[in-house]
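Encoded as structure tokens, the structure appears first; notes follow it.
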Protein chains: 2
Amino acid sequence: MRESKRLIIDMDDVMADTSQSILNLYNSEFNTSYHKEQFWGNNLWDDGLKENYLTVRHKLYEPGFFRNVTVMPDAIEVVKKLHEQHEVFIVSAATEFPNSLKEKHEWLEEHFPFIHWKNLVLCGDKSIVKGDVMIDDHEKNLKVFEGQTLLFDAIHNQSLEGYQRVKSWKEIARELL
Amino acid sequence: MRESKRLIIDMDDVMADTSQSILNLYNSEFNTSYHKEQFWGNNLWDDGLKENYLTVRHKLYEPGFFRNVTVMPDAIEVVKKLHEQHEVFIVSAATEFPNSLKEKHEWLEEHFPFIHWKNLVLCGDKSIVKGDVMIDDHEKNLKVFEGQTLLFDAIHNQSLEGYQRVKSWKEIARELL
């Protein structure tokens, strides 16, 4: 059995398929049928949906969005096993979206009920947290972390180099279990 | 001018006079007129209000409580000056109370509008945060912090020894400005 570590796990685009949920909002608003694979290598806002940026993005601030995001494939099973072996903290950059705070708490309680409220962190700047391993999709978070980093593959980080990339929760299981 | 440090500042019973607000709830419910000075050296729940513990404590989970807590004397002026000189993070153990999450965000925005949302952390277990100085009223938070600690004087920590105690925000100003 491997040594128990403190894992810092991100929610949006790691545990939760937030990019696809944003596209679902967009599709519903503009009667399109985009899927995130079509934006691979892009930032949704900068490149893909620029024209209608404000119409869709302000919906992220409205009640309900973060409560209903889909769980990423295999996340529940793998996080459960990681939780049994390691000390798991869920750390989400959420304070930009005040309505998301309670919703992220409820979302976690619904899908990951084995994670105690003591192990949830809602913050803005992740340079405040310490731990052994960080799993995140954003360079800004990984580059200020002092421990091991795993870059979770996402549409907006395809050109990013210099980090160990994991493409799925199954790959995280092989790395950390 | 002193070196800029990362300060980790607690909300309840440090920036906010939460104990008195709990007593106000109690007073309103039971037609009493307790003030926190009467409970000096006690834990409100264990010693003082034991009999009516559940009646009052469950109100902390209801909407509105944390939104309306009074600001501690001199906190606004001193935190503003600390923010100008240091890197201030507000770190509150809030995830036990899901309704408090947005309310603490709003409370901070109302009373401390100069603190950016990036510098707010809502968590459960403060052993996750790192910084240079922690100001807190609970030993459980101070004892797992790696930097300098300041114990903010509170009714429930009167018998605690081994920490540098600060009795007011003016004293914190003298220490850190």
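Every chain is numbered from 1 and lettered A, B, ... according to where its sequence line falls, protein lines coming before strand lines. Values below: all heavy atoms of this structure, side chains included; hydrogens, waters and symmetry mates excluded. Not measured: the values here are computed from a predicted model.
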(message) Heavy-atom pairs under 4.5 Å with chain A - which of B:Leu101, B:Asn119, B:Val91, B:Ile8 has more of them than the others?
(response) B:Leu101
(request) Among the options B:His116, B:Lys102, B:Glu109, B:Glu106, pick out the one with the most heavy-atom pairs lying under 4.5 Å from chain A. (result) B:Lys102
ILVMFWY cluster, [X] and [Y] together (side-chain gap under 4.5 Å):
| X | Y | answer |
| --- | --- | --- |
| A:Leu142 | A:Met72 | no |
| A:Met134 | A:Leu7 | no |
| B:Leu150 | B:Val121 | no |
| B:Trp40 | B:Leu151 | no |
| A:Val144 | B:Leu120 | no |

Other residues, nucleotides, ligands: >12 heavy atoms within 6.0 Å of [X] [atom1]:
| X | atom1 | answer |
| --- | --- | --- |
| A:Gln164 | CD | yes |
| B:Glu37 | CD | yes |
| A:Glu146 | CD | no |

(request) To the nearest 0.5 Å, tell me how far B:Thr95 OG1 sits from A:Leu108 CG. (result) 10.0 Å
(message) Could you measure the distance from the CG atom of B:Asn99 to the NE2 atom of A:His105? Nearest 0.5 Å is fine.
(response) 9.5 Å
(request) Sort by residue number and list every member of residues 122-130 of chain B having a non-hydrogen atom under 4.5 Å from chain A. (result) B:Leu122, B:Cys123, B:Gly124, B:Asp125, B:Ser127, B:Ile128, B:Val129, B:Lys130
